[in-house]
Amino acid sequence: MREVRVKSVLNRHKKRDPWFLDDYSVNPYAGCSFNCLYCYIRGSKYGKDMGASLSVKVNAPEVLEKQLKRRAERGEYGIIALATSTEPYQKIEKKTKLTRRLLEVILKYRFPVHLLTKSPLALRDMDLLRKIDREALLPRDLQERPGRGVIINYSFSTLNPALAKKLEPGAPPPEARLEAMEEFSKAGFLAGVSLIPALPFLSDSQEEMERLVEETKRHGAKFLFAGALTLFGNSPYHSKSLYYEFLREHFPDLLPKYKSLFRIFPQPPKEYQRKLQSLAERLCKKYGLAPGLV
Ligand code: SF4
């Protein structure tokens, strides 16, 4: 683990994300010890074990304080996605409490948060999240929907624990994520799920997706997003190389199918994506979940 000092920690997006509704993102760490093979931050920068090369942005709370103060003075409120290129509640967070300190700053300046995580450790900060949910100032057009200062979003690629262990070796098992989401939901938070990425031929079938939608509903989810897998890069540490290595070892029959899906672009063809969306929407309707936030 490396300690680094940063000049900026608040990223302002050019355009609000149409799914996650964030205008800003904050990443307390660079790298991620959950080590998902499909992770889009993969590449030569972090090596195969992204936990070993993890950097902790030690001065992030002070920097965020300055940046949010300025934004708040100008009334530039918007949802902060925490986090988009790291896991805010990976193991090291138990010790550093960096995400917690960032939430304290976010609460002070009354910004809303979209928490994106795979970890039950987020429950530790329910006290702060509850206050942010109550006190955050939302941009005018988000005051009705989602109308909440905090959105809790647990992410999954599969519910199968053995498959998850291979693909997300450092992450808590899917069942633990469902249970954590349920606790948030029971505590009154707007909580839901991202099936991102849905894995072609492994977790994108009608049967697998229906099981996920049913289970997430049973655990209190109010919304569900589904998104396609993205794979790119040819260096040994890029997501495409690592994922293909995983297929070669465990599902060699699927390799030609993947090569066809990812032949030209880093994402499957539009037709595949349309089918995935429409299946997710149908299932959300069937089980009474919102297929998005607005
Ligand atoms: S938890 Fe998120 S940031 Fe971490 S490796 Fe997995 S996909 Fe990447």
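Test R42, E87, K48, Q90 against N35 for side-chain hydrogen bond (donor to acceptor under 3.5 Å, both in side chains) and you get one pass: R42.
Inter-residue side-chain proximity for F34 and P172 is flagged as met; some heavy-atom pair is nearer than 4.5 Å.
Heavy atoms of other residues, nucleotides or ligands lying less than 6.0 angstrom from CZ of F201 number more than 12. Open room surrounds CZ on R263; 12 or fewer heavy atoms of other groups in view lie less than 6.0 Å from it. Residue-environment remark: CG (D141) exceeds the threshold of 12 foreign heavy atoms within 6.0 Å.
Contact record, L289 with F223: CD2-N, 3.9 Å, taken as the closest heavy-atom pair. Between Q273 and A228 the shortest heavy-atom distance is CG-CB, 4.1 Å. Among all heavy-atom pairs drawn from T99 and E93, the shortest one is N-OE1, 2.8 Å. Contact between N27 and A83 at its shortest, heavy atoms only, is OD1-CB, 3.1 Å. Minimum interatomic distance between E135 and L107 (heavy atoms only, all atoms of both residues): OE1-CD1, 3.9 Å. Minimum heavy-atom separation, L255 to Y244: CD1-CG, 3.9 Å.
Between Y258 and Y243, the distance from one ring center to the other falls under 6.0 angstrom.
Scanning for salt bridge (charged side-chain N to carboxylate O under 4.0 Å, His left out) contacts around R110 gives an empty result, with sequence neighbours left out. Among residues two or more places apart in sequence or in another chain, the salt bridge (charged side-chain N to carboxylate O under 4.0 Å, His left out) test is passed with E210 by K286. Scored by the salt bridge (charged side-chain N to carboxylate O under 4.0 Å, His left out) test, E183 finds no partners at all (sequence neighbours excluded).
In this structure, Y154 contributes its side chain and S119 its backbone to a donor-acceptor pair below 3.5 Å.
Relative orientation of the F189 and F184 rings is perpendicular, given thresholds of 30° and 60° on the angle between their planes.
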Please assess Y272 against D204 for the test side chain to side chain donor-acceptor pair (under 3.5 Å), listing each intermediate value before the final yes or no. CA-CA 10 Å; Y272 170 95; D204 68 344; 2.8 Å; yes

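A cation-pi arrangement is not found for K118 relative to F156, the charged atom failing to lie both closer than 6.0 Å to the ring centre and inside a 45° cone about the ring normal.
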